[in-house]
Amino acid sequence: MKQKKQDKKAKKEIKRKNVNIYFEVILMIIVIPIFSFLSISIFKENDSGFVSKILTGKSDVKITTDKPFYVSGENMKLSIKNESINPIYFEPCEYLNKFEKKIDEKWRESFNYESIKDYDKFGFKREKNITNCEIKLPKEGAGIYRTVIQIYYECERPGEDMCRNSKAFYSNEFRVK
C-alpha cells in the first residue's frame, strides 16, 4: 500500500516536472521571436536597413576594376555600381585616384591623390545605377592595390562638407607590375 502511494506520488512529481518543462519551452518559443523582432526594430536605420545589411552581408555600393593585373603606366577602368534605391554622390572621375597598397598583409594608404579639389569645375556625380571611370594607376609602382572611393549621401551641394553621411568603399584587389 505504501509502495503504491509512493509510486503515485512519484508519477505526479514527474508529470509536474514535464508540465514545467513544456511551459518553459513554450515560453522560449514565444519570447525569442519577440526579442529578435524588437532588436531588429531598434537597430533599423532609415530605409536602407542596418540590420538587413548585416544579415544579408550586402553592401549598397560595388566598386570593381576591369582587370586583376595592370602594367605600370596603363589606365584602369573603374566601375561604381549603386545597388540601393537611393542616389549616391561621389567625386568626379578626375579625383578618384586614392589607393591603398598591401604591405605585409596590411593595407596602407598610398599617397597618390590631389588634396586640392575644384568642385565648381567638375562637380559631384550623382548616380542611381552605374558609372564607369578611367583613372591612372598608383604612382608607387609594382604591388597589390585597391582603390578607395568615398561615397556621399544626402548632399545639398557639391563638396564633402555639404553631405550628411559618407562611407568609404573599396574595390577588388589588383596587381601592378
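Throughout, numbering of the chain's residues begins at 1 and tracks the sequence.
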### Message
Hydrophobic clusters here meaning ILVMFWY residues chained together by side-chain heavy-atom distances under 4.5 Å, can you tell me if Met76 and Ile80 are in one?
### Response
yes

Does the side chain of [X] reach to within under 4.5 Å of the side chain of [Y], using non-hydrogen atoms?
| X | Y | answer |
| --- | --- | --- |
| Ile88 | Val61 | yes |
| Ser171 | Thr64 | no |
| Ile151 | Tyr89 | no |
| Thr147 | Leu96 | no |

For [X] against [Y], the heavy-atom pair lying closest together:
| X | Y | answer |
| --- | --- | --- |
| Tyr70 | Leu137 | CB-CD1, 3.5 Å |
| Phe69 | Lys177 | CD2-CE, 4.4 Å |
| Tyr170 | Arg146 | CD2-NE, 3.3 Å |
| Gly143 | Tyr145 | O-CD1, 3.6 Å |
| Tyr153 | Cys163 | O-CB, 3.7 Å |

If I take atom [atom1] from residue [X] and atom [atom2] from residue [Y], how far apart are they, to the nearest 0.5 angstrom?
| X | Y | atom1 | atom2 | result |
| --- | --- | --- | --- | --- |
| Phe169 | Gln150 | CZ | CD | 9.0 Å |
| Thr131 | Lys81 | OG1 | NZ | 12.0 Å |
| Ile135 | Leu78 | CD1 | CG | 4.5 Å |
| Glu154 | Asn165 | CD | CG | 5.0 Å |
| Glu140 | Phe99 | CD | CZ | 10.0 Å |
| Ile149 | Ile63 | CD1 | CD1 | 5.0 Å |

### Task
Would you check, one step at a time, whether the test salt bridge (charged side-chain N to carboxylate O under 4.0 Å, His left out) holds for Lys67 with Glu74?
CA-CA 12 Å; Lys67 9 185 229 188; Glu74 207 176 346; 2.4 Å; yes

Determine whether a donor-acceptor pair (N or O, by modelled atom type, separation under 3.5 Å) exists between the side chain of [X] and the backbone of [Y].
| X | Y | value |
| --- | --- | --- |
| Ser72 | Gly141 | no |
| Lys101 | Ala142 | yes |
| Asn82 | Ser84 | yes |

### Query
If we ignore angles and hydrogens, is there a donor and acceptor under 3.5 Å between the side chains of Thr65 and Asn172?
yes

#### Entry: Residue list, side chain to side chain donor-acceptor pair (under 3.5 Å) with Lys102, at least two apart or on another chain
Glu173

#### Entry: Under the side chain to side chain donor-acceptor pair (under 3.5 Å) test, residues paired with Lys77 that sit two or more places apart
none

### Summary
Connected to Ile103, directly or through other members, by ILVMFWY side-chain contacts below 4.5 Å are none

